[in-house]
Amino acid sequence: MKNTVKSLDKKIQKEIRTGNVKSAIEICKNTLQKDPTNADLHLRLGDLYMQWHLDIYSSCQYVDEAITEYQIALESYIDSALIYYKIGKAQFYKGDLDKAINYLETAVKKDEKFSKAYYLLAQTYVKKARFIDAEINAKKAIKYDPLRSSSSHYLLHDIYSVSSFRVFKNKIKSSMELLLSFITMPFDSEAIKNVKRHFTYIKFLPDFLKGYIQLQTSGLEKAVETYSNAIDKAPGFVPLYCLLGDIYSALGQYEDAITEYKMAIWLDCLNIPAYRHLCKAYEDMGDYDNAVETYNKLIQIMPDMPEFHANLANILYVKGDVDGAVSHFQTAVTLNPNKQWTSVINQTLGFVFQEGKEDINAAITSYQSAYLLTPEDIDIYVNLGSAFYDKEDYENALTVYRNALDLDPQNAKIHCNLGFLYWGKGDLDEAMREYKYAIEYDNSYSIAYNNLGVIYLDDLGRVQEAIEMFEKAVECNPNYALAHFNLARSIALTGDKIQAAKLYQVSQDVNNITHEIDPQDIADKINGLFD
């Protein structure tokens, strides 16, 4: 049998050297028809199918055939660590990672010094985001074959590099592994093959340039065609999938974009940009469940990246998981990449405490933490003052707003908030003065117009002046349902019920979109006009 395989190998190698893997497979299959029980031939045929499957110029559709041939060979060589390894490898490229792990673990049980099996186990664990297991197996691969360990060193380099931005020790370890990868490369044939394969990507530079030019001149659809054709030529070229995914996202074809990003991640499971863009695509199409799942995977890969925790927290808040959002915002704050960013996250956390959990004290603490980081940020004063107001701690709210005006005396929002504060305290003169300041510094400030109008209407009975304020408010913001509602109330007091009814209807139509007012309040006003 071995002589048959050796003779066959000469013919097969001749075909492979000319790049004709398909012809080599046909030769092997024809030989098997004459000797169908030859396990060595089945093993060789399985190798050829895998070689064809992994060729970047070939579509991935031969892995099942490879598995079938390996399993037939295994019936004759039941204790062969090599065949278990080959089946595990095929399952890995098929995407069935759990089966891959089972076969590869069986391989190392049969041969505890099987370096290649340990390396592939490490790769599999990386795809499952089990980085400790991946590190352990990569080190075992190096231990049992220290010379031919370039690929294992490079895998460790990748694992350490994704966390090196926070842990300096990992940065050093990553650099050392990269150096060792270069040193051992001449002895690692698989690593050399991978390097050669990456060099072949240079031939796709014209496709990159053509697609880029089309993006600038002919539009996105032409670029999609160019990059899709390039992927058909080289299904294993990761950057093409990311580029195509970005174009689909720009076109609003999010499902197509997601498919491309997933393919990029499958081919390179530590491709952080592909994960980021995949998350964004899920968010853009409103698929928050999958966005959460993807961010969780990103956090498994890079647990110390505050941006990922903050983005996940935002999505969880939108989904209504306030406790989860708080937890990840707090983690992001703890990681604290810089003062400005952490201050913004503290403010967001304060908002979640204030609006989502109605925990005013916790909100105030978060805003104060933001203040300590960036005391020049006016938004902090606005938020902190609002929290003190909600707590009915008017004196502290007043102090915060006054301090803000020391920084920015002409800030319309601060003056508007002060107007609301004085109004709540019953000091109408001060409230009106602050609202007028707000309008002076921002003559399009619809809220200031509306609130001043309400004081004129409800507190002072100055209907005509109120009408003028409400008209200015809806002029500045036609989608301001409350201003339309208040204008209708004012017009009703002049006796023009028909016009008031029209304005109430406008407020009702706008409110169906903005949801500012209880719809029943509008209905009651309309019904009350003609009682």
Side-chain angles (χ1 to χ4, degrees), residues 129 131-132 135 158-175 270-280 283 288 291-319 321-388 390-391 396 400 403-404 407-408:
F131 298 105
I132 294 175
E135 183 179 352
D158 273 346
I159 292 171
Y160 294 140
S161 67
V162 294
S163 59
S164 63
F165 79 103
R166 295 288 296 181
V167 183
F168 183 70
K169 181 174 69 173
N170 283 350
K171 189 172 185 178
I172 296 173
K173 289 164 71 175
S174 175
S175 299
L270 292 178
N271 191 326
I272 303 302
Y275 273 110
R276 289 175 184 266
H277 294 182
L278 178 60
C279 290
K280 181 68 165 53
E283 287 184 72
Y288 297 122
V292 167
E293 182 182 343
T294 306
Y295 268 119
N296 279 324
K297 288 181 181 177
L298 258 179
I299 289 169
Q300 282 182 295
I301 297 170
M302 302 181 74
D304 295 328
M305 180 67 84
E307 173 195 340
F308 298 158
H309 289 282
N311 291 348
L312 177 56
N314 283 323
I315 298 172
L316 290 172
Y317 185 75
V318 171
K319 281 173 56 66
D321 183 358
V322 178
D323 289 335
V326 167
S327 176
H328 282 283
F329 276 132
Q330 288 174 330
T331 301
V333 168
T334 302
L335 293 170
N336 184 18
N338 61 66
K339 287 184 177 181
Q340 285 72 24
W341 189 89
T342 306
S343 175
V344 171
I345 299 302
N346 266 314
Q347 292 179 64
T348 308
L349 181 57
F351 173 83
V352 172
F353 276 127
Q354 188 174 356
E355 300 296 328
K357 292 184 72 69
E358 298 182 359
D359 187 340
I360 302 301
N361 289 328
I364 289 170
T365 299
S366 292
Y367 293 139
Q368 288 173 329
S369 296
Y371 168 79
L372 293 173
L373 293 168
T374 55
E376 72 286 353
D377 188 343
I378 289 295
D379 286 338
I380 298 173
Y381 295 87
V382 174
N383 295 328
L384 184 55
S386 170
F388 278 126
D390 287 351
K391 192 181 177 182
N396 267 321
V400 169
N403 288 340
L407 289 175
D408 188 0

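Computation of the quantities below employed the complete heavy-atom set of this structure, encompassing side-chain atoms and omitting hydrogens, waters and symmetry-equivalent molecules.
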Exercise for review: List in chain and number order the residues that pass side chain to side chain contact (heavy atoms under 4.5 Å, CB included) with Leu407, two or more places apart in sequence or in another chain; answer none if no residue qualifies.
Suggested key: Ile378, Tyr381

Point to revise | Sequence-distant partners of Lys319, salt bridge (charged side-chain N to carboxylate O under 4.0 Å, His left out), two or more places apart | key: Asp289

**Study point:** Approximate separation, where rounding is to 0.5 Å, of Thr342 OG1 and Leu373 CG
**Key:** 6.0 Å

Check your understanding: Can you tell me how far the CD1 atom of Ile364 sits from the OG atom of Ser369, to the nearest 0.5 Å?
Key -> 12.0 Å

Review point. Just wondering, are more than 12 heavy atoms of other shown residues or ligands nearer than 6.0 Å to OH in Tyr371?
Key: no

Practice item. For residues Tyr295 and His328, determine if any side-chain heavy atom of one lies less than 4.5 Å from a side-chain heavy atom of the other. Key: no

Review point. With side chains defined as the heavy atoms from C-beta onward, is the minimum distance between Asn314 and Phe329 less than 4.5 Å?
Key: yes

Check your understanding: So do the side chains of Ile272 and Met305 get within less than 4.5 Å of each other, counting heavy atoms only?
Key -> no

Check your understanding: Side-chain contact, heavy-atom cut-off 4.5 Å: Ile345 with Pro306?
Key -> no

Review point. Which heavy-atom pair separates Val400 from Gly385 by the least distance, and what is that distance?
Key: CG1-N, 3.8 Å

Review point. Who passes side chain to side chain contact (heavy atoms under 4.5 Å, CB included) against Lys357, sequence neighbours left out?
Key: Val322, Asp323, Val326, Phe353, Asp359

**Study point:** Exercise: identify the closest heavy-atom pair between Ala332 and Ala310
**Key:** CB-N, 4.1 Å

Check your understanding: Do you know the tightest heavy-atom contact between Gln368 and Phe388?
Key -> NE2-CZ, 4.1 Å

Review point. Should Ile380 and Ser343 be marked as a side chain to side chain contact (heavy atoms under 4.5 Å, CB included) after you check the CA-CA gap, both sets of side-chain angles, and the distance that decides it?
Key: CA-CA 9 Å; Ile380 298 173; Ser343 175; 3.6 Å; yes

Point to revise | Taking every non-hydrogen atom, the tightest pair across Tyr160 and Glu135 | key: OH-OE2, 2.7 Å

Review point. Crowded around Glu358 CD? As in, over 12 foreign heavy atoms under 6.0 Å?
Key: no

Check your understanding: Can you check whether Lys171's main-chain N or O pairs, donor with acceptor, with Ser175's side chain at less than 3.5 Å?
Key -> yes

Study note, to complete from the structure: CD of Glu293 to CD1 of Ile315, rounded to nearest 0.5 Å, is 12.0 Å

Check your understanding: Is a side-chain donor or acceptor of Ser161 paired with a backbone partner of Asp158 at a separation under 3.5 angstrom?
Key -> yes

Practice item. State the OH-CG distance between Tyr288 and Leu312, to the nearest 0.5 angstrom. Key: 13.5 Å

Revision key, fill the gap. Closest heavy-atom pair, Lys339 versus Thr374, reported as atoms and distance to 0.1 Å, is O-CG2, 4.1 Å

Revision key, fill the gap. So salt bridge (Lys or Arg N to Asp or Glu O under 4.0 Å) across residues 375-384, not counting sequence neighbours, yields none

**Study point:** Test side chain to side chain contact (heavy atoms under 4.5 Å, CB included) applied to Thr331 - qualifying residues, sequence neighbours left out
**Key:** His309, Leu335

Exercise for review: Could you list the residues that satisfy side chain to side chain contact (heavy atoms under 4.5 Å, CB included) with Tyr275, not counting sequence neighbours?
Suggested key: Ile265, Thr294, Lys297, Leu298, Ile301

